[in-house]
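Every chain is numbered from 1 and lettered A, B, ... according to where its sequence line falls, protein lines coming before strand lines. What you see is a predicted model; the values in this text were computed from it and never measured.
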Protein chains: 2
Amino acid sequence: MTIKEVSEKYNISQDTLRYYERIGMIPEISRTPGGIRNYQESDLGWVELAICMRSAGLPIEALIEYVKLYQQGDATFAARLQLLQEQRESLEEQKAQLEKAINKLNYKISRYEIAVKTGKLTWEDDDKCI
Amino acid sequence: MTIKEVSEKYNISQDTLRYYERIGMIPEISRTPGGIRNYQESDLGWVELAICMRSAGLPIEALIEYVKLYQQGDATFAARLQLLQEQRESLEEQKAQLEKAINKLNYKISRYEIAVKTGKLTWEDDDKCI
DNA sequence: GCTTGACTTGGAGTATACTCCAAGTAATAT
DNA sequence: ATATTACTTGGAGTATACTCCAAGTCAAGC
């Protein structure tokens, strides 16, 4: 699979794919005799992982570290486990922040829906009226 | 309330507080006769909102826009409602991405927990073994 | 054989969101 | 009164994550 095909399959730019490879966020992709990237199935797994984790906000550094550990073989199982657990923690925290913000937005939206109908914006007592 | 007190109350740097004010992400804070920021209760509401929304990843631009609309008065209720709804949508999407990534991490973690015990990393059939 | 289009590399540029700094003013403690 | 500390401003610098570009190589169709 060429970089173009991968780029279209996952809706990610070729530049970004090359960038991910260059910095070690995905392992080096095998090449044709002419030196052109030829993505294998297992490479696609890495690409999927990278996209999934990045879209959740996981830092690139963590993914680079994970790839490095992976390439060092079975001796790094424990280190990889720890890395994954740390990142899960961080995503769970992020999710909590997100939910707090969504709740706040929902409350505000409910007030503004009334305000648009009545022309008056009202708040509950402890609210700071913003 | 001085900027130092606000900074300590919300665990945010004074630089960031001034930055938020300068770019219009929170309204201008009233000053003492000497020109020093003197945060009122309502200002704290804005600070809280800014911190909450930023920590959820809401872009600064959206918050600046919201403050602008707010300052234009009651005529912007509908515009503010729309802005809030759009941002909620975007946070809901972000939450979905986050959950996908957390699920993936949980699956990997479960495999690695076994791997650390047994010395062998195993995957289900459709997995790309990463 | 040559043109077209896709590929390569390394490096520079951009966007977002802070974060730091210098130079100066103001308030507080002794 | 003076030293220390906190505050002010505007502008420059940093971190992260891309994103674009230039110059060159390679492969397929005509």
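Among the protein residues, Arg37(A) comes within range of the sugar-phosphate backbone only, with heavy atoms under 4.0 Å from sugar or phosphate atoms but none that close to a base.
Here dT8(D) presents its C1' atom at 14 Å from CD of Glu28(B), a figure rounded to the nearest Å. If you measure from atom CG of Asn38(B) to atom C1' of dT8(D), you get 15 Å, rounded to the nearest angstrom. In this structure, Arg31(A) atom CZ and dT25(D) atom C1' are separated by 13 Å, rounded to whole Å.
With sequence neighbours excluded, no residue satisfies side-chain hydrogen bond (donor to acceptor under 3.5 Å, both in side chains) with Asn38(B). Listed by chain and residue number, nothing satisfies the side-chain hydrogen bond (donor to acceptor under 3.5 Å, both in side chains) test with Ser90(B) (two or more places apart in sequence, or in another chain). Residues passing the side-chain hydrogen bond (donor to acceptor under 3.5 Å, both in side chains) test with Glu113(A), sequence neighbours excluded: none. Here Ser7(B) pairs with nothing under the side-chain hydrogen bond (donor to acceptor under 3.5 Å, both in side chains) rule; sequence neighbours left out. Partners of Ala62(B) by side-chain contact (heavy atoms from CB on, under 4.5 Å), not counting sequence neighbours, listed by chain and number: Leu58(B), Pro59(B), Gln87(B).
A perpendicular orientation is assigned to the rings of Tyr70(A) and Trp46(A), their planes being inclined by more than 60° (bins at 30° and 60°).
Residue Arg22(B) is the one, among Arg22(A) and Arg22(B), whose nearest nucleotide of DNA chain D lies closer to the 5' end (criterion: closest heavy atom). Nearest-nucleotide positions on DNA chain C place Ile36(A) closer to the 5' end than the other of Thr32(B) and Ile36(A).
Near DNA chain D, defined here as any heavy-atom distance below 4.0 Å, the residues from residues 12-20 of chain B are Gln14(B), Arg18(B), listed numerically. Contacts between residues 51-59 of chain A and DNA chain D, defined by a heavy-atom separation under 4.0 Å, are made by Arg54(A), Pro59(A).
The salt bridge (Lys or Arg N to Asp or Glu O under 4.0 Å) contacts involving residues 86-98 of chain B comprise Glu99(A)-Lys95(B), where partners must be two or more places apart or lie in separate chains. Sorted by first and then second residue, the salt bridge (Lys or Arg N to Asp or Glu O under 4.0 Å) pairs with a member in residues 22-37 of chain B read Glu21(B)-Arg31(B), Glu21(B)-Arg37(B); sequence neighbours excluded. Contacts classified as salt bridge (Lys or Arg N to Asp or Glu O under 4.0 Å) and involving residues 6-20 of chain B (residues at least two apart or in different chains) are given here: Lys4(B)-Glu8(B), Asp15(B)-Arg18(B). Within the structure, no pair that satisfies the salt bridge (Lys or Arg N to Asp or Glu O under 4.0 Å) test touches residues 52-67 of chain B, not counting sequence neighbours.
Reading DNA chain C from its 5' end, the first and the last nucleotide to sit under 4.0 Å from a heavy atom of chain B are dA17(C) to dA27(C).
Of all non-hydrogen atoms in Leu91(B) and Ala101(A), the two that sit nearest each other are CD1-CB, 3.8 Å.
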